[in-house]
Amino acid sequence: MSLGLDDLLGCCKGLENDKVTERKKEAERFRRLLRSPEIVQELDRSSATKSSKQLTWDTVFRFLQRYFQKETESMQSSKSVTATSLTTRKKKMAEMCSLMKYFIRYANKRGPRLKCSELLKHVMEVVQGSYSCSAYGEDYSSLLVKDILSVRKYWCDIPPQQWHSLLKLYCGLFDSSSKSINRVLVNRVIHMVVQGCCTQTDLTVTDCNNNLFSFFSKAVLNARQEKHLAVLEHLISALNIFLRYSAMNCRMRVCHLGEELLPSILYIWADKRPTAALKEEILEFFNLQMCVHHPKGAKTQDTGAHAEDWTQWRSQLYNLYDALVSEISDLGSRGKYVTGSRHIAVKNNVIELTADICHQLFSENNDTHILEVTQASLRATPMASPTQGGASKRRRMELGWEVLREHLQPQHSDFDAIPWLQITAVLTSKYPSMVPRQELVPLLSVLYQLLAEQRRGERGLYVLRCLRELARCQTRYPERAQVHKAELGRLWGRVWALALRGVSSPQTEAFSLDLLASIVHGQLINMDRELWKLFSASACKLSQSAAICLCQALLKCPVPKALTLRTGWDNVGITEGSGSPNLKENLIAWLLMSDQSDEMEESSRPHPIICRDFPYNLIADILISLTLKDTRAGLNFLLGTNGAER
């Protein structure tokens, strides 16, 4: 053993001295020795070889634990309760915790050196003892979070039983009335340990799974009295981790727990003024419940939906819808008075959740529901604060497609209209089968009016997206449009003209092209020649949206040999194309963005956009539809090679 390690061994033995003053001197010497680079290198080397004859980091840790125990017993046996003695004792506790943290961080500074099981065993022994927990519980919990559970290697070293013991210990601390450890810190530990249990162990084969269901049931139901939002954030985040883990194997229990907890969590959302981080966790909980109750949007038990109590669950969905509508309205109201630039759109998770709930609550026959809010709160009224007292006011809540369209009227500001445009787009995209046939004309009409009156602001992009999704919806279910086919055709023709105009704007070019492609794909109108002019005259640059739009046109419509431009007051027709290359060749040249002359055709290659982003399943269909038997460039494009490989 080297001289440095020999000195350290003597110091470690001195920490077990029966005299308090001697132990104090050795503790100060211990800190000094650890600062020696030579001693640290020797300990690293001996710990790596795991030689039984050498002093290792784990051996030193065992000496330090005995010193810790000796000092704790000394303080616990002291009968003095004077102010001076209590201050001295408190200072001594802080010094001991500081020494333990100092040692652990120094040992693991260059990577984990200490054995994880020994570290955890020591921490749990301290936290389990009533006296030691009150003295060091908070410091040791902080040590657990920062220096043990934050080390990824230790996660792999902790055996399942130790994960479960940790969870049981800290869930017990959360439930107890003890104030020795800060509740925020306890919840941070619970959050990390729940994550560890769900990723590193199999909860289904132990009682730990049942214990967690019971713990969250009790903890979240009591959350209304919690004053610290950070506690709620960690608690609901841990709940979400557990629910995601359990949803596959314990779906019925997850549904039951969600129905039990949703009123309390909705109360936190409405009355606690949650932080942005807490709101995200609450939204995650709501989304998880929608997924387990209504997988893939299922509305009935026959299609896969499940609820322990359908009356209660339906009531909670109405409450949730009301809360989300209020949230969207508040965001719009606040936005109107914010100076400077601000993004108007609502976050996607709020929009997706609102659309999912609308799908469940909107009637299939397009009826508008008129509901008293108190009717939606038969079991519990999370929207009413317990401090308010008395009966809450009854007010009417309407929901349905007609109500949705009322939010899309042109007189509304962008802050009021854009969130509902987002909801409409998600609804028609995610659930096209739920759009009633009698809703197609009114909805298309109001969207056309919005697009026609759009002058500035962000609204136009969201209107174009809504129109695109509505076009896809009509294409997917063409039988629904048969009754109103003529009127829909007239409206789509007007939308087509506005979308063509929108291609000239850099802000709306991509969205307009996507809409044009959807209209062409569904053959919603008789396409005019204006679309070909966009590409033959290079009115728009090559992009993925432009390429797909052209390809849809090539697949669905015959390519004219010549274009007719109308100009002048008398609209005299001037034929374009005589003496110029064939329009098909022009379009292929535009797609390839390369010179297709005889000198260059051997080296022609597709444009990078075509190579990287283009859906390749369309390429063969496009070229077959073009019948380019006499166009070597087209064949090169199909093969992606030069003509020699034909």
Please report the C-alpha distance between K121 and C116 in whole Å, then the side-chain angles of each, then the deciding distance to 0.1 Å, and finally whether the side-chain contact (heavy atoms from CB on, under 4.5 Å) criterion is met.
-> CA-CA 8 Å; K121 182 182 175 184; C116 181; over 6 Å; no
Can you name the nearest heavy-atom pair linking V184 to H234, along with the distance?
-> O-CD2, 4.0 Å
Modelled atom types, side-chain donor and acceptor of N108 and Y154, under 3.5 Å = yes
Donor-acceptor pair, D416 side chain versus H407 backbone, under 3.5 Å?
-> no
Is S141 reaching over with its side chain to a backbone N or O of G137, donor-acceptor style, under 3.5 angstrom?
-> yes
Distance-only, no hydrogens or angles: does the D322 side chain make a donor-acceptor pair with backbone N or O of Y318 under 3.5 Å?
-> no
Kindly give the heavy-atom pair with the smallest separation between S150 and M192, and that separation in Å.
-> N-CE, 4.0 Å
Quick one: does NZ or CZ of R23 land under 6.0 Å from the six-membered ring centre of Y67, within 45 degrees of the ring axis?
-> no
Ion pair K279/E327, N-O distance below 4.0 Å | yes
On a heavy-atom basis, the closest approach of T354 and V350 is OG1-O, 2.7 Å
Please identify each residue that fulfils ring pair (Phe, Tyr, Trp, His ring centres under 6.0 Å) with Y245, with sequence neighbours left out.
-> none
By ring pair (Phe, Tyr, Trp, His ring centres under 6.0 Å), Y136 pairs with (sequence neighbours left out) F68
Between Y431 and A355, the two heavy atoms sitting closest are CE1-O, 4.2 Å
Distance (rounded to the nearest 0.5 Å) between F242 CZ and L257 CG = 7.5 Å
Provide the closest heavy-atom pair for L185 versus S142 in the form atom of the first, atom of the second, distance.
-> CD2-N, 3.7 Å
Are D157 and K153 ion-paired here, with the side-chain N under 4.0 Å from a carboxylate O?
-> yes
Is S77 reaching over with its side chain to a backbone N or O of E73, donor-acceptor style, under 3.5 angstrom?
-> yes
List in chain and number order the residues that pass ring pair (Phe, Tyr, Trp, His ring centres under 6.0 Å) with F61, two or more places apart in sequence or in another chain; answer none if no residue qualifies.
-> H122
Is a side-chain donor-acceptor pair under 3.5 Å present for R253 with N210?
-> yes
Is the backbone of N182 close enough, under 3.5 Å, to the side chain of E138 for a donor and an acceptor to pair up by distance?
-> yes
Taking NZ, NE, NH1 and NH2 as the nitrogens, is one of them in D44 or R110 under 4.0 Å from a carboxylate oxygen of the other?
-> yes
Considering only distance and modelled atom types, tabulate donor-acceptor pairs under 3.5 Å from the side chains of residues 225-232, sequence neighbours left out.
residue : atom : partner : partner atom : Å
E226    : OE1  : R183    : NE           : 3.2
E226    : OE1  : R183    : NH2          : 3.1
E226    : OE2  : H228    : N            : 3.2

Taking all non-hydrogen atoms of both residues, which atom of H164 and which atom of C197 are closest, and how far apart?
-> CD2-SG, 3.9 Å
Might you work through the salt bridge (Lys or Arg N to Asp or Glu O under 4.0 Å) test for E95 and K24, ending with a clear yes or no?
-> CA-CA 10 Å; E95 288 175 354; K24 184 177 180 180; 5.7 Å; no
To the nearest 0.5 Å, what is the distance between OG (S134) and CD1 (I181)?
-> 9.5 Å
Hits for ring pair (Phe, Tyr, Trp, His ring centres under 6.0 Å) against Y106, two or more places apart or cross-chain, chain-then-number order -> Y102
Report yes or no: is the cationic atom of R465 (NZ for Lys, CZ for Arg) closer than 6.0 Å to the six-membered ring centre of Y462, at no more than 45° off its axis?
-> no
Salt bridge (charged side-chain N to carboxylate O under 4.0 Å, His left out): which pairs involve residues 348-362, sequence neighbours left out?
-> E352-K430, D356-K430
Short side-chain to backbone donor-acceptor contact, E259 and E308, under 3.5 Å = yes
